Amino acid sequence: MPIVRNVSRAVSQLLQSSACGCGVSIVPVRCIGISPRQVASDASFHSVSFSESDHPRVLITGGLGQLGVGLAKLLRKRFGKNNVILSDIRKPADHVFYSGPFIYSDILDYKNLREIVVNNRITWLFHYSALLSAVGEANVPLARAVNITGLHNVLDIAAEHNLRLFVPSTIGAFGPTSPRDPTPDLCIQRPRTIYGVSKVHAELMGEYYHYRYGLDFRCLRYPGIISADSQPGGGTTDYAVQIFHDAIKNGKFECNLKPDTRLPMMYIDDCLKATLEVMEAPAEALSMRTYNISAMSFTPEELAQEVQKHVPELQVTYNVDAVRQAIGGYLFLGSG
C-alpha cells in the first residue's frame, strides 16, 4: 500500500537522524499593547515581483518552532545565507545562531517588527509564530493575542511594505461538519479550537487583504508534520514526533491518542519543499490564496508498528488525553 510505504520511508529517515535537544518556540505571557496605526481606507498596495537574478530578502517569524530552522536552511541554500533572517523571542541554540542571521522579533510589538522589515529591506515574510491546538486550549487569551493580534500586525506591515507573505494554516481549520476524503480547498469550516478559529481568521484576512490592498498572500493548510530535528510544539499530531525521540532515548512511548485515530501527516522535507514551491509560483498561476496539501494518513498503532521494526524493544502504551482526542476525532483530511 502507498501509505504503508510512505510511513516506512519516513520512519527510516527519521530514526537515522539523531534527535537533538532543540526546543520549540514558547511564548511567555506578557501585557498586550495596542498597535498605534490603521491602514487607510483608500490605501492601494501592490505585490513585489522578482526577476530571475534577484533574490528575495526573507524574514521568518517564530523561527525556533518545528519548521523555522529547517526552512531557513533550505532558503539559505537557494537564496544565500545572508538573505534569510531567522527570528524569535527566545535565545537560539549555538548551532542555530551561527548558521546564519538571527534577530529578536516579537510579533506583538508592531514597531519592532516594522523596524526589522524596513532596516533589513525584507521582501518575503514567513509567519510561523503561533500557539498550536493543545497549547492554545490551555491558554485561550494568549493564543488569541499571538495568533490573531500578531497576525494583524504582520498583515498591516506586509501590505504597507509590499511583501510576499506566507502564513501557514492547518487541518485544524476544519471541523466536524467539514466534508472528508477528500476535503476540498473550499468547504464548510467550523473548527472547535482557538487555534483552528484563528487559522480560519488568518485565511480570510489574508484573502481580504489580497483583494482589498493587493497583498501577495499565500497559504497552505499543513497536516501533522513529522521530523526528528525538533521537539513537539503542542499540537494534536505531536505524538508522531515524540515517538521517535522516546524510541531512541528510553525505548518507551506513551501515546495520548487512541491507537486507531487516523490523522493526515507529512514528512518535514516534503512540507518545506511544498512551501517554497508555492512561494515561488508566479502570481498568475494561483487561482486562490489557500490550498490543502497532503501526503499520507496513519494511526498511532500503525506508526508504532513501523517504528518497532527498527527499534524492536520499543514499548508503547496509551493514555488518552480527552482534549487532544476530541480534536483528533475530526481532523481527518482525506488525501484522495
Side-chain angles (χ1 to χ4, degrees), residues 17-28 30 48 50 54-132 135 146-147 150-151 153-155 157-158 161 163-168 202 218-220 222 225 227-235 241 268-280:
S17 302
S18 58
C20 71
C22 303
V24 297
S25 179
I26 304 297
V27 184
R30 60 169 80 70
V48 176
F50 299 97
D54 189 18
H55 289 321
R57 292 277 297 169
V58 180
L59 174 67
I60 303 172
T61 66
L64 297 185
Q66 185 183 11
L67 297 174
V69 174
L71 179 64
K73 183 178 179 181
L74 177 65
L75 296 178
R76 285 165 179 164
K77 287 182 179 179
R78 189 166 188 85
F79 302 130
K81 177 179 177 179
N82 293 324
N83 285 322
V84 180
I85 301 174
L86 200 62
S87 72
D88 209 299
I89 62 171
R90 298 175 59 246
K91 183 170 67 174
D94 287 348
H95 75 278
V96 174
F97 184 77
Y98 292 110
S99 65
F102 180 92
I103 58 177
Y104 173 90
S105 175
D106 182 351
I107 61 166
L108 296 178
D109 186 338
Y110 175 83
K111 182 179 179 182
N112 168 252
L113 186 60
R114 193 168 185 262
E115 287 176 349
I116 290 170
V117 168
V118 171
N119 291 343
N120 293 281
R121 300 185 300 114
I122 299 300
T123 54
W124 283 16
L125 198 160
F126 292 82
H127 178 50
Y128 278 131
S129 298
L131 266 66
L132 304 186
V135 172
V146 174
N147 296 4
L151 169 77
N153 289 342
V154 168
L155 285 170
I157 291 169
H161 296 284
L163 308 186
R164 179 171 296 181
L165 174 63
F166 179 84
V167 178
R218 304 176 183 213
C219 179
L220 294 175
Y222 288 163
I225 307 301
S227 71
D229 295 328
S230 59
Q231 296 289 335
V241 176
I268 188 170
D269 289 359
D270 297 330
C271 172
L272 297 179
K273 179 181 178 182
T275 300
L276 179 55
E277 286 178 351
V278 79
M279 279 296 277
E280 290 191 312

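Since this is a predicted model, take the numbers as computed values, not measurements.
Not a single donor-acceptor pair under 3.5 Å links the side chain of S87 to the backbone N or O of Y104. The backbone N or O of R164 lies less than 3.5 Å from no partner atom in the side chain of R218, so there is not a single donor-acceptor pair. No donor-acceptor pair closer than 3.5 Å links the side chain of R57 to the backbone N or O of V117. Remark: the backbone N or O of Y128 is paired with a side-chain donor or acceptor of T61 at under 3.5 angstrom. Here the side chain of N147 pairs a donor or acceptor atom with the backbone of L131 at under 3.5 angstrom.
Aromatic ring orientation, W124 versus F79: perpendicular (interplanar angle above 60°, classes split at 30° and 60°). Taking the six-membered ring where tryptophan is involved, the planes of Y222 and F166 are tilted, since the angle between them lies from 30° to 60°.
Scanning all heavy atoms of the two residues, the minimum distance from L272 to L74 falls at O-CD2, 3.7 Å.
Here D106 contributes atom CG and L113 contributes atom CG; the two are 9.0 Å apart, rounded to the nearest 0.5 Å. Atom CD1 in I157 sits 8.5 Å away from atom CG in L125 (nearest 0.5 Å). Here the CG atom belonging to L59 is positioned 6.0 Å from the OG atom belonging to S105, to the nearest 0.5 angstrom. Atom CG of residue D109 and atom CD of residue E115 lie 8.0 Å apart, to the nearest 0.5 angstrom. Between the CD1 atom in I225 and the CG atom in L67 there is a gap of 6.0 Å [rounded to 0.5 Å].
Considering only heavy atoms from C-beta on, L75 comes within 4.5 Å of F126 through its side chain.
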